[in-house]
There are 2 protein chains.
Amino acid sequence: MKMRDSYTCPLELTHDIIRGKWKPIILWQLGKGAVSLSALQNDIAGIGQKMLLQHLGELQDFGMVQKEPYEGYPLKVEYSLTDKGRRMLSVITAMQEIGIELMKEDGKEEFLKNRGLI
Amino acid sequence: MKMRDSYTCPLELTHDIIRGKWKPIILWQLGKGAVSLSALQNDIAGIGQKMLLQHLGELQDFGMVQKEPYEGYPLKVEYSLTDKGRRMLSVITAMQEIGIELMKEDGKEEFLKNRGLI
DNA sequence: CAGCATCCGATCTGATACTG
DNA sequence: CAGTATCAGATCGGATGCTG
């Protein structure tokens with residue numbers, strides 16, 4: 001993602017942080033706890049390794065995500081939220097809640113129930 | 001913006017609604033009250049008429065924004081938030097608050113004070 | 001004032017192949 | 001398992017000119 005030199009609007013900053021098809025779901029998943037790259041890829045249906053790595057990198061650039069590499073083979077790495085990242089969850093949660101409301105009003109209750117969202 | 005046939009994830013739905021460079025600021029501005037197209041363009045620094053109309057149209061497709069055309073010349077139209085749109089403001093507000101926090105931590109207090117954001 | 005059509009460069013996404 | 005490189009197609013953003 002193209003990065004700006006500086007931000008003159010808080011809304012623009014936050015929007016940029018969660019910009020990209022997979023950013024919100026990545027933050028959401030990491031909110032559950034630290035995980036490996038492959039675990040994350042398994043948890044997020046449809047994402048490819050390249051996009052996952054790219055978006056994780058951008059989230060690290062914004063200080064939302066941190067990476068913990070371990071020594072030895074097989075390679076092991078754990079991704080987790082930083083303090084900033086955890087605070088960003090308030091936005092993600094608000095998005096999730098509104099989304100559930102909208103889907104309810106759109107007659108998707110059955111679907112939401114099946115997934116335990118309501 | 002390319003629209004999906006259906007959504008299987010609430011987070012994805014909300015993310016799509018606010019997706020696009022100008023969606024959050026448009027919702028934010030409309031949160032202050034109904035305005036004309038030209039007023040909106042004046043309030044949002046840097047936006048062109050095409051993007052404004054395009055993003056307003058997409059927000060209407062999602063049921064966030066409504067348009068009220070008036071008869072006579074010169075032409076007059078008023079854009080405003082729907083009930084759904086007003087509820088979406090909870091997300092925009094959360095984004096704004098986090099953005100302010102992040103900018104504060106980044107030493108932008110002076111800037112924020114000048115704009116009356118803190 | 002409000003809105004549409006077109007064109008073009010910048011950016012985003014994803015598939016595939018390859019490395020340590 | 002974790003990560004990089006490349007390439008092509010889809011999408012986005014913005015400038016410009018035109019219409020009612």
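Numbered from 1 within each chain, the chains take letters A, B, ... in sequence-line order.
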A:V77 and A:S36, any side-chain heavy atoms less than 4.5 Å apart: no

Can you measure A:K23 atom NZ to C:dT13 atom C1' for me and round it to whole angstrom units? 12 Å

Nearest atoms (heavy-atom pairs only) where B:T8 meets A:F111: O-CZ, 2.9 Å

Residue pair A:L75/A:G46 against DNA chain C: nearer the 5' end by closest nucleotide is A:G46

Could you check how far NZ of B:K76 sits from P of C:dG3, rounded to whole Å? 13 Å

Looking at B:S36, does any N or O in its side chain come under 4.0 Å of the phosphate oxygens OP1/OP2 on C:dA2? yes

Please compare A:G20 and A:Y73 by the position of their nearest nucleotide in DNA chain C and report the one closer to 5'. A:G20

When rounded to whole Å, the CD1 to P distance for the pair A:I47 and C:dT13 reads 10 Å

How close or far is atom P of C:dA15 from atom CD of A:Q41, stated in whole angstroms? 11 Å

Length of the CE-P vector between B:M1 and C:dC12, whole Å: 16 Å

Closest to the 5' end of DNA chain D, once A:A39 and A:R19 are matched to their nearest nucleotides, is A:A39

With a 4.0 Å limit, can you tell me whether A:K67 has a side-chain N or O closer than that to the phosphate oxygens OP1/OP2 of D:dG3? yes

Nearest-nucleotide check on DNA chain D, B:E58 vs B:Q49; residue mapping nearer the 5' end is B:E58

Is any side-chain N of the basic residue among B:E101 and A:R87 closer than 4.0 Å to the acidic one's carboxylate O? yes

Under 4.0 Å from OP1 or OP2 of C:dG3: is there any side-chain N or O of B:Y79 that close? yes

In whole angstroms, the gap separating C1' of D:dA2 from CD of A:E71 amounts to 14 Å

Looking at every strand, decide which applies to B:L53 at a 4.0 Å heavy-atom threshold: base, sugar-phosphate, or nothing. base

Kindly say whether, by distance alone, the side chain of B:Q54 makes a donor-acceptor pair under 3.5 Å with the base of D:dG13? no

For B:H55 and D:dG13, is the shortest distance between a side-chain N/O and OP1 or OP2 below 4.0 Å? yes

Answer yes or no: does a side-chain N or O of B:K2 lie under 4.0 Å from OP1 or OP2 of D:dT11? yes

Interatomic distance, A:R4 CZ vs C:dT11 P [rounded to whole Å]: 11 Å

Return the value, rounded to whole Å, for the distance between atom CD of A:E78 and atom P of D:dG3. 12 Å

Working note: A:D106 + B:Y7, criterion side-chain hydrogen bond (donor to acceptor under 3.5 Å, both in side chains); need CA distance, chi angles, decisive distance, verdict. CA-CA 11 Å; A:D106 204 39; B:Y7 288 89; over 6 Å; no

Determine, for A:Y70 and A:K76, whether the Lys NZ or Arg CZ falls below 6.0 Å from the six-membered ring centre while staying within 45 degrees of the axis. yes

